[in-house]
> 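Just dropping this structure here.
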Amino acid sequence: MSWFSKTFSSSIGRKLLVAVTGLFLCSFLVVHLVGNLQLFKGDGGASFNIYSHFMATNPLIRTMEIVLVLGFVFHIYEALVLTRRNKSVRPVQYAYNRPQDNSNWSSRNMGLLGTVILVFLIIHLYNFFWRARFGEPNMIPIEGTDYDDLYSVVVQSFHLWWYVLIYVLGQIALGYHLYHGFSSAFHTLGLNHKKYTPAIQKFGAFFSIVVPAGFAAMPLYFFIKDVVL
Amino acid sequence: MAGNNPNSKPMNLTLKVWRQKNSKAAGNLETYQIKDISPEMSFLEMMDVLNEDLLLKGIDPVAFDHDCREGICGMCSLYINGRAHGPERGTTTCQLHMRKFSDGDTITIEPWRAGPFPVLKDLCTDRSALDRIQQAGGYISVNTGGVPDANEIPIPKTIADKAFDAATCIQCGACVAACKNGSAMLFTSAKVSQLAMLPQGQVERKTRVENMVAQMDKEGFGACTNIGSCAAECPVGISLENIAMLNREYIGASFTSENV
C-alpha cells in the first residue's frame with residue numbers, strides 16, 4: 001500500500017477526512033444561509049429569484065456544486081466506515097453503562113444526528129433543488145426578464161405545518177451535530193492550543209446555534225406570517 | 001476519620017459480578033449477597049471478602065486483576081456501576097473506597113469491554129494489546145556509557161511539565177473501556193506526545209507515531225470521535241489535548257517522513 005492510501009485508510013487519516021469535509025460543509029452552510037436571507041427582504045421574492053437564477057447558471061457555482069457533492073459523499077462515507085468499525089470494537093456490550101456521567105449526548109450521537117440530517121437533506125433537495133433544476137416552476141417577470149418563480153415554491157411549501165416541522169427538527173439535529181462537530185474538527189486536525197482552543201469552542205457553540213436558527217427562521221417566518229396571523 | 005464518617009456503619013450489599021470460566025466460554029452476571037462491609041475498605045478489599053465467602057461456600061473465587069493497590073501500577077480495572085474504575089473521578093479501583101456506596105446498594109461489576117481486551121477469566125482481561133502499541137515505538141535510542149549529567153539538555157519547565165503529565169499514564173486501559181468507540185487513542189497519544197515533546201524523543205519522532213498508530217489500528221481499536229469520556233474516566237487525568245497532538249504528529253509524519 002502506498003504511503004498515501006495507508007495514511008487515509010488509518011483511523012486518524014479517516015478522521016482527518018471527516019474533519020476537513022465537515023469544515024468545508026460548514027462554509028457551505030454560511031453561503032447558503034447568507035444567500036437565503038434574501039427571502040426576508042419583502043420584495044415579493046424578486047431578489048431571491050434573481051439570486052436563485054445566478055446560483056443555477058453561474059459556471060463557478062456549478063463547479064463548486066460538484067465539489068460540494070463530493071464533500072458530502074466523502075463526509076458521509078468516511079464517517080460510515082469509522083462508525084461501522086467503532087461499533088464492531090465492542091462485541092459484548094456492558095450490561096450497565098453510564099456514559100452520561102462522562103460525556104455529552106451530542107458527542108456520542110454524531111452518527112444518529114448525521115442520519116437525521118441526511119434524511120432532511122434528501123427531503124429538502126427533492127422539494128427545492130430538484131424542482132428548481134428539473135421541474136417547471138411558473139415564470140415571473142422581474143425588470144423585463146422572465147425568471148423561475150422559486151420564491152413562490154418556497155413560500156407555498158412553508159405554508160404546510162408538517163413541512164415546517166420537518167425543517168425545524170432537521171435544524172435542531174444540525175445544531176447538535178455542529179455543537180460537537182465544529183470544535184471537534186479542529187481537534188482532529190491537531191489544532192489545539194491554549195490561546196486559540198477556547199475561542200474555537202466558543203465560536204463553535206455560537207455557530208451551532210446561529211446557523212440552524214437562521215435556517216429554521218425561514219419556514220417559521222412564512223408559516224407564522226401567512227398561516228398563523 | 002472513621003468516627004466522623006456518617007456512613008461508617010457496616011454495609012450489606014448486592015453484587016452482580018461477571019463470571020466467565022475462560023476466554024472461550026460464555027459468561028453471565030451472577031448475583032451475590034455480601035454482609036458487614038466496612039466503609040473504610042477499598043473496593044478490592046471488598047472483593048477479597050467476597051472471595052473468602054465464596055471459598056467457604058465451595059464456589060470458585062472471582063478472578064480480578066490487582067497488584068500494587070495504591071494507584072500506581074495500572075493493573076486493577078473493573079467497570080463498576082457503568083463507570084471505569086467506579087463512580088469516583090481520578091482514582092483507580094484500588095483507590096475507590098466503600099464509603100462511596102450506601103447500605104443496601106446493588107453494585108454491577110463487569111470486566112473492561114473491548115474486542116482487543118479479551119476476557120481471560122471473570123473480570124480479568126488481556127491488555128497486552130497496549131504493550132504491543134508501546135513496543136511498536138514508545139522508546140528512545142540512548143547511547144551506552146557514562147551517566148549523563150542531570151539537566152545536561154535544557155528543557156523548558158512548561159514542556160517538562162506537559163511531558164510529565166503525559167508520562168503519568170499507567171496503561172490501565174480505562175480510556176478504552178469508557179470509550180464508546182473502544183478507541184485506544186488517549187493511551188497512544190499520551191505515549192506519543194510525551195516523547196515528541198522532549199529532545200530525547202526527536203530521533204524516532206516521525207517513525208514512532210507512524211508505527212504506534214499502525215499497531216493501534218492493527219490491534220483493532222476504534223477511532224476517536226473526541227467524545228472525551230476517556231479523559232473524564234482516566235485515573236491519572238491524561239488530557240484530551242494529547243489526542244490533538246497525536247493527530248498533529250501523525251499527519252505531519254505521514255506527509256514528511258522518509259517512510260514511503
Side-chain angles (χ1 to χ4, degrees), chain A residues 1-20 78-79 81-111 180-194 197 200, chain B residues 16 18 27-29 79-84 87 89 108-111 113-116 119 176-183 185 209-210 213-214 216-217 220-233 240-255 257 259-260:
Chain A
M1 211 171 5
S2 78
W3 70 269
F4 191 81
S5 49
K6 204 164 104 187
T7 300
F8 287 105
S9 57
S10 73
S11 51
I12 296 181
R14 288 192 190 277
K15 272 155 53 75
L16 181 68
L17 287 173
V18 177
V20 170
E78 295 296 341
V81 170
L82 284 174
T83 306
R84 282 174 60 101
R85 173 165 160 174
N86 289 345
K87 284 236 184 279
S88 71
V89 174
R90 184 161 291 137
V92 183
Q93 297 294 319
Y94 290 109
Y96 184 24
N97 201 4
R98 290 188 59 81
Q100 64 273 30
D101 290 346
N102 58 37
S103 52
N104 280 332
W105 181 85
S106 61
S107 64
R108 293 193 308 271
N109 289 283
M110 291 299 275
H180 175 71
F182 189 87
S183 55
S184 177
F186 284 88
H187 195 267
T188 296
L189 289 167
L191 300 172
N192 181 290
H193 195 283
K194 63 179 174 185
T197 300
I200 291 170
Chain B
K16 289 185 173 176
W18 184 261
N28 65 294
L29 283 172
Y79 214 72
I80 301 161
N81 277 351
R83 306 279 302 276
R89 285 211 164 190
T108 307
I109 309 166
E110 296 174 81
R113 293 278 186 216
V119 173
V176 178
C179 178
K180 176 179 182 274
N181 307 318
S183 171
M185 279 197 196
V209 65
E210 287 184 315
V213 169
M216 178 182 81
D217 287 351
F221 290 105
C224 170
T225 50
N226 307 331
I227 294 169
S229 49
C230 52
E233 298 291 17
L240 207 60
E241 269 176 62
N242 287 297
I243 297 184
M245 184 156 189
L246 172 72
N247 296 334
R248 189 157 72 231
E249 289 289 317
Y250 182 75
I251 297 161
S254 292
F255 283 91
S257 79
N259 308 317
V260 182

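Within every chain, numbering begins at 1; the chains are lettered A, B, ... in the order of the sequence lines, protein sequences first and strands thereafter.
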> Pick from Gly228(B), Cys179(B), Ala231(B): which one has the most heavy-atom pairs with chain A under 4.5 Å?
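With the most close heavy-atom pairs to chain A, the winner is Cys179(B).
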
> If the condition is side-chain contact (heavy atoms from CB on, under 4.5 Å), which residues does Glu78(A) pass it with, not counting sequence neighbours?
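With neighbours one apart ignored, the set is Arg14(A), Leu17(A), Val18(A), Phe74(A).
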
> Given that the side chain runs from C-beta out, which part of Ile80(B) has a heavy atom under 4.5 Å from chain A: side chain, backbone, both or neither?
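Ile80(B) has no heavy atom closer than 4.5 Å to chain A.
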
> Say whether, by atom type as modelled, one donor and one acceptor occur between the side chain of Asn226(B) and the main chain of Ser184(A) under 3.5 angstrom.
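Checked: pair present.
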
> Could you tell me whether the side chain of Lys180(B) reaches within less than 4.5 Å of the side chain of Pro99(A), counting heavy atoms only?
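Heavy-atom side-chain distance check fails, nothing below 4.5 Å.
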
> Is Leu29(B) in contact with chain A via its backbone, its side chain, both, or neither, using a 4.5 Å heavy-atom distance?
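The side chain, not the backbone.
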
> Going by heavy atoms in the side chains, are Leu16(A) and Asn247(B) under 4.5 Å from each other?
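A side-chain contact is absent here, since even the closest heavy-atom pair is not under 4.5 Å.
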
> With only heavy atoms counted, which part of Ser2(A) is less than 4.5 Å from chain B, the side chain, the backbone, both or neither?
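Neither part.
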
> For Val260(B), is it the side chain, the backbone, both, or neither that has a heavy atom closer than 4.5 Å to a heavy atom of chain A?
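Contact with chain A is through both the backbone and side chain of Val260(B).
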
> Give, as side chain, backbone, both or neither, the part of His180(A) having an atom under 4.5 angstrom from any heavy atom of chain B.
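Side chain only.
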
> Could you tell me which portion of Pro111(B) (side chain, backbone, both or neither) has an atom closer than 4.5 angstrom to a non-hydrogen atom of chain A?
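Interface part for Pro111(B): backbone (N, CA, C, O).
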
> Check whether any side-chain heavy atom of Asn181(B) lies under 4.5 Å from a side-chain heavy atom of Leu82(A), and answer yes or no.
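No. Closest side-chain heavy atoms not under 4.5 Å.
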
> Is any side-chain heavy atom of Leu240(B) less than 4.5 Å from a side-chain heavy atom of Cys230(B)?
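Contact flag for Leu240(B)/Cys230(B) side chains = yes.
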
> Among Lys15(A), His187(A), Arg98(A), who wins on heavy-atom pairs under 4.5 Å with chain B?
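Top option by heavy-atom pairs under 4.5 Å: His187(A).
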
> When heavy-atom pairs shorter than 4.5 Å are enumerated against chain A, which of Arg89(B), Glu249(B), Met185(B), Met245(B) gives the highest number?
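Of the candidates given, the most pairs with chain A belong to Met185(B).
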
> Would you say Gln93(A) and Arg113(B) make side-chain contact, with heavy atoms under 4.5 Å?
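When only atoms from C-beta onward are counted, Arg113(B) and Gln93(A) do not touch, as no gap falls below 4.5 Å.
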
> Kindly assign one of parallel, tilted or perpendicular to the pair Phe255(B) and Trp3(A), based on the angle between their ring planes and the thresholds 30° and 60°.
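The arrangement is perpendicular - the two ring planes meet at more than 60°.
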
> Given side chains that start at C-beta, do those of Phe186(A) and Thr197(A) come closer than 4.5 Å, heavy atoms only?
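Answer no - side chains too far apart.
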
> Quick check on the interface: out of Ser229(B), Ala253(B), Ser183(B), who has the most heavy-atom pairs with chain A under 4.5 Å?
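Ranked by contacts with chain A, first place is Ser229(B).
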
> Which region of Ala84(B), side chain (C-beta onward) or backbone (N, CA, C, O), has a non-hydrogen atom less than 4.5 Å from a non-hydrogen atom of chain A, or is it both or neither?
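No part of it gets close to chain A.
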
> What residue in Ser10(A), Ser106(A), Gly13(A) has the most heavy-atom pairs under 4.5 Å with chain B?
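Of the candidates given, the most pairs with chain B belong to Ser10(A).
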
> I'd like to verify something: which residue of Ala232(B), Gly115(B), Pro87(B) has the highest number of heavy-atom pairs under 4.5 Å with chain A?
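Most heavy-atom pairs within the cutoff with chain A belong to Gly115(B).
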
> Under 4.5 Å heavy-atom distance to chain B, tell me which part of Lys87(A) shows up: side chain, backbone, both or neither.
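When you check distances to chain B, only side chain atoms of Lys87(A) fall under 4.5 Å.
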
> What option among Ala223(B), Gly222(B), Gly252(B) has the most heavy-atom pairs under 4.5 Å with chain A?
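Highest number of heavy-atom pairs under 4.5 Å: Ala223(B).
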
> Out of Arg108(A), Met110(A), Arg85(A), which one racks up the most heavy-atom pairs below 4.5 Å with chain B?
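So the answer, after comparing Arg108(A), Met110(A), Arg85(A), is Arg108(A).
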
> Where the side chain of Glu110(B) meets the backbone of Tyr96(A), is there a donor-acceptor pair that is under 3.5 Å apart?
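Present.
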
